[in-house]
**Q** 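Pasting in a structure now, in C-alpha cells, and then I'll have a few things to ask.
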Amino acid sequence: KLAMYGSIALLGYAMPLDFTPYAAPLHPKWSQHYYNLLGPDIPVHLDAYRQNHNKYANLEKLASARPELIVCAQGVEDWEKEQLRLIAPLYEMPEEQEGWQCNLLGLAKLLNKLPEAERWIETFHHKISTYREKLPAEMMDERTLLTARLHQDELMAYSHPGIKELLFDYFNFQPALPVDW
C-alpha cells in the first residue's frame with residue numbers, strides 16, 4: 001500500500017514502473033490524464049486542487065488509509081513530513097536537479113522495479129532518436145522554436161524544465177526568446 005503525497009507529478013513516475021499507488025493526489029481538471037488513466041484504480045484520492053491547498057484533510061485521509069510507504073515530492077513542508085513519518089516510512093524524491101531519470105531509477109530501486117525503469121528509459125531514448133531522424137536535415141541549423149501557453153484568451157511565451165529538456169536538449173531546437181530556466 002504505497003501512497004504518493006505532495007504533487008500530482010509523482011504519478012508520472014508510477015506509470016513507467018507499472019504500478020498503481022494506493023493513495024495519490026488527483027483532480028479531474030488539473031491532472032486529467034492521470035485521473036482518467038489511473039484514478040479508477042487508486043482507492044484513496046487525495047485532494048489535488050491548488051496543489052496541496054487542503055493539506056490537513058489530505059493528511060487525515062492518508063492516516064486513515066494506513067499506507068505502508070509514502071513517497072513525497074520535494075517542497076513538502078517540514079511539519080508535513082513529520083506528520084507523514086507518523087503515518088508510515090517516508091521516501092522523499094530527490095531534487096529535480098538530479099534529473100527525472102535518476103529520480104525514476106531511485107524510486108524503481110526502492111520498489112524493486114529497476115528492470116522496468118531501465119526498459120522504460122531505453123524505450124524513451126529510442127523514441128527520441130527515431131523522431132530526431134524524421135526531422136528534415138535542412139532544418140538542423142535553423143530550428144528556432146517558441147513555446148507558448150494559452151491562458152484565458154491570452155497567448156504568452158511559456159517555459160518549463162520539462163519543455164527545455166525535451167525540445168531544446170534532446171531535439172536541439174533553439175528558443176526563439178531568451179528563457180531563464
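The first residue of the sequence shown is numbered 1, and numbering continues consecutively from there. Keep in mind it's a predicted model, so treat the numbers as computed, not measured.
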**Q** Among all residues two or more places apart in sequence or in another chain, which pass the side-chain contact (heavy atoms from CB on, under 4.5 Å) test with A23?
**A** A3, V44, L62
**Q** Can you name the nearest heavy-atom pair linking L69 to A88, along with the distance?
**A** N-CB, 4.1 Å
**Q** Y91: which residues meet the side chain to side chain donor-acceptor pair (under 3.5 Å) condition with it, sequence neighbours left out?
**A** none
**Q** Return the minimal non-hydrogen interatomic distance between Y13 and W100, and the atom names on each side.
**A** CE2-O, 3.6 Å
**Q** Which pairs with one or both residues in residues 167-176 pass salt bridge (charged side-chain N to carboxylate O under 4.0 Å, His left out), sequence neighbours excluded?
**A** K164-D169
**Q** Hydrophobic side-chain clustering at under 4.5 Å (ILVMFWY, transitive links): who's grouped with L150? Put none if nobody.
**A** L155
**Q** Would you check, one step at a time, whether the test side chain to side chain contact (heavy atoms under 4.5 Å, CB included) holds for Y5 with L59?
**A** CA-CA 9 Å; Y5 180 88; L59 288 168; 3.8 Å; yes
**Q** Please list, chain by chain and in numerical order, all residues satisfying side chain to side chain donor-acceptor pair (under 3.5 Å) with E118, sequence neighbours excluded.
**A** none
**Q** Sorted by first residue and then second, give each salt bridge (charged side-chain N to carboxylate O under 4.0 Å, His left out) pair with at least one member in residues 68-77; sequence neighbours left out.
**A** K55-E77
**Q** Who passes side-chain contact (heavy atoms from CB on, under 4.5 Å) against A157, sequence neighbours left out?
**A** L146, L177
**Q** Who passes salt bridge (Lys or Arg N to Asp or Glu O under 4.0 Å) against D41, sequence neighbours left out?
**A** none
**Q** In chain order, what residues pass the side-chain contact (heavy atoms from CB on, under 4.5 Å) check against L86, with sequence neighbours excluded?
**A** Q83
**Q** Can you name the residues that form a salt bridge (Lys or Arg N to Asp or Glu O under 4.0 Å) with E116, not counting sequence neighbours?
**A** K113
**Q** Suppose we screen for side-chain contact (heavy atoms from CB on, under 4.5 Å). Which residues come up paired with T130, at least two apart in sequence or across chains?
**A** H126, K134
**Q** Not counting sequence neighbours, which residues clear side chain to side chain donor-acceptor pair (under 3.5 Å) with H125? List them please.
**A** Q101
